[in-house]
Amino acid sequence: IGKPLGRGKFGNVYMAREKASGVVVALKVIFKKQIEKHNVLSQLKDEIEIQTRLRHPGVLRMYGYFHDEKRVYLVLELAPGGELFKRLQSEKRFGEAQTGKWVTQLASALQCVHANKVIHRDIKPENLLLDGNSELKIADFGWSTVAKDKRQTFCGTLDYLAPEMLTHGVYDFRVDVWALGILMYECLVGSPPFEVPDSVEETHKAIQEGPITYPPELSMGISSSAKDLIKKLLAKKPEDRPSLEEVLAHPFLAPHVSEA
Ligand code: ATP
Ligand code: MG
C-alpha cells in the first residue's frame with residue numbers, strides 16, 4: 001500500500017500494488033464501524049454490484065473487493081489525473097475544446113450507465129476522475145442518497161441538484177442529464193450557474209426558476225453553440241431535456257463524438 005490519494009466519507013483511498021502481478025490500483029478502504037453507524041450497508045453493496053458490472057472507458061472500473069475484521073477494501077482502477085474538481089480549481093475554467101471532449105465522454109459513459117438501469121444521481125466534479133491522458137471516468141456509484149444527505153447537512157453544495165429533486169423528489173435518469181448541463185457550464189465559466197453563496201434557499205430558487213446567465217466578461221467568449229447545448233440540458237422540466245443520443249448529436253459535440 002502506497003501514498004494516500006484522497007479522503008472519503010468513511011475511509012481513505014490509497015495507491016496500491018498487487019504483489020503477485022505488480023498491477024497498480026487504487027484501494028478504497030472503508031471502516032465497517034462507519035458502515036454500521038451510518039446504516040449504509042445496502043448502498044455499499046449497490047456500489048460494488050454496479051461498479052463491477054459496468055464496463056465502459058468512461059466508468060471507473062472496480063476489479064473486486066475483500067475485507068478483514070475492521071475494514072472493507074474496494075480494488076479500483078487507478079485514476080492518476082485525480083479529481084476534475086481539483087483541475088478546475090487550479091485552471092479556473094476550461095476552453096471549449098477541452099469541455100466538449102469531457103462532456104462527450106461523460107454523455108457516452110452515462111448512456112452505458114442508464115442502459116444498465118442505473119441513475120448516478122451524484123454527477124459533479126468531485127466524483128469525476130481523470131486518467132493519465134486526462135480522459136474522464138465516472139466514480140462513486142451507489143452513494144447517491146448518502147451523498148445527498150451529506151451535501152445538505154454538512155457542505156451545502158446543492159449546485160448539481162435538479163429542480164425535480166427539490167420540488168417533489170420524484171425523478172429519473174434525466175437528473176443526470178441536468179447535472180451534465182451544470183458540469184458543462186461550470187467547466188466553461190468556472191462556477192455553477194445557480195450558485196447563490198451562503199443561501200440554501202436562494203440557490204434552491206435559482207435552480208427551480210432562475211435564468212441561465214453568463215458573467216459579462218466571459219459571455220462574448222462562449223460560442224452560441226455551447227450556450228444552446230447548455231440551455232437544452234438545463235431545461236427545468238425533465239421532459240424538455242434531450243436524450244443522451246440527442247446530446248451527442250448536438251453540433252457543439254460533433255468534433256468529439258467519433259473519438260469518445
Ligand atoms: P465522498 O462520499 O466524500 O465522495 P467516498 O467515500 O465516496 O467519498 P470517493 O469519492 O470514492 O470516496 O474517494 C475519495 C477521494 O479519493 C476522491 O475524491 C479522489 O480524490 C480519491 N480517489 C478515489 N478513487 C480514486 C481512484 N480510483 N484513483 C485516484 N484517486 C481516487
Ligand atoms: Mg466522492
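When a ligand or atom number is given, it counts from 1 through the structure's own listing order. Positions are given from 1 along the sequence. This one's a predicted model, so the numbers in the text were calculated from it and none came from an experiment.
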Item to check | Within 6.0 Å of CG in Asn39, more than 12 heavy atoms from elsewhere | outcome: no

Checklist entry - Does His256 use its side chain to pair, donor to acceptor, with the backbone of Val103 at less than 3.5 Å? => result no

Checklist entry - Which pairs pass side-chain hydrogen bond (donor to acceptor under 3.5 Å, both in side chains) with one or both residues in residues 174-196, sequence neighbours excluded? => result His114-Asp176, Tyr160-Glu186, Asp172-Arg174

Checklist entry - Hey, looking at atom 27 (N) of ligand 1, which of Arg61, Gln51, Glu77 has the closest heavy atom? => result Glu77

Checklist entry - Which atoms from ligand 1 have a heavy atom of Ala26 less than 4.0 Å away? => result 26 (C), 27 (N), 28 (N)

Next on the checklist: Can you tell me which portion of Leu60 lies within the under-4.0 Å heavy-atom range of ligand 1? Options are side chain, backbone, both, or neither.
Outcome noted: side chain

Item to check | N/O separation below 3.5 Å, Lys86 to ligand 1 | outcome: no

Next on the checklist: Under a 4.0 angstrom heavy-atom cut-off, which atoms of ligand 1 come close to Glu126?
Outcome noted: 18 (O)

Checklist entry - His204 and Ser199: side chain to side chain donor-acceptor pair (under 3.5 Å), yes or no, with the steps? => result CA-CA 9 Å; His204 274 206; Ser199 175; over 6 Å; no

Item to check | Per-atom contacts, ligand 1 versus Gly6 - under 4.0 Å to a heavy atom | outcome: 15 (C), 16 (O), 21 (C)

Checklist entry - Which bit of Leu129 gets closer than 4.0 Å to ligand 1, counting heavy atoms only: side chain, backbone, both or neither? => result side chain

Next on the checklist: Does Glu69, at its CD atom, have more than 12 non-hydrogen atoms belonging to other residues, nucleotides or ligands within less than 6.0 Å?
Outcome noted: no

Item to check | Within residues 60-83 or reaching into it, pairs that qualify as ring-ring contact (aromatic ring centres under 6.0 Å, His included) - sequence neighbours excluded | outcome: Phe66-Tyr73

Checklist entry - Could a heavy atom of Lys137 be found less than 4.0 Å from some atom of ligand 1? => result no

Checklist outcome for this item: Heavy-atom proximity to atom 19 (C) of ligand 1 ranks first, among Lys28, Glu83, Gln34, for Glu83

Checklist entry - If every non-hydrogen atom of Ile222 is compared with every non-hydrogen atom of Val189, which pair is closest and at what distance? => result CD1-CG2, 4.0 Å

Next on the checklist: Checking the N or O distance criterion of under 3.5 Å, is ligand 1 in contact with Val13?
Outcome noted: no

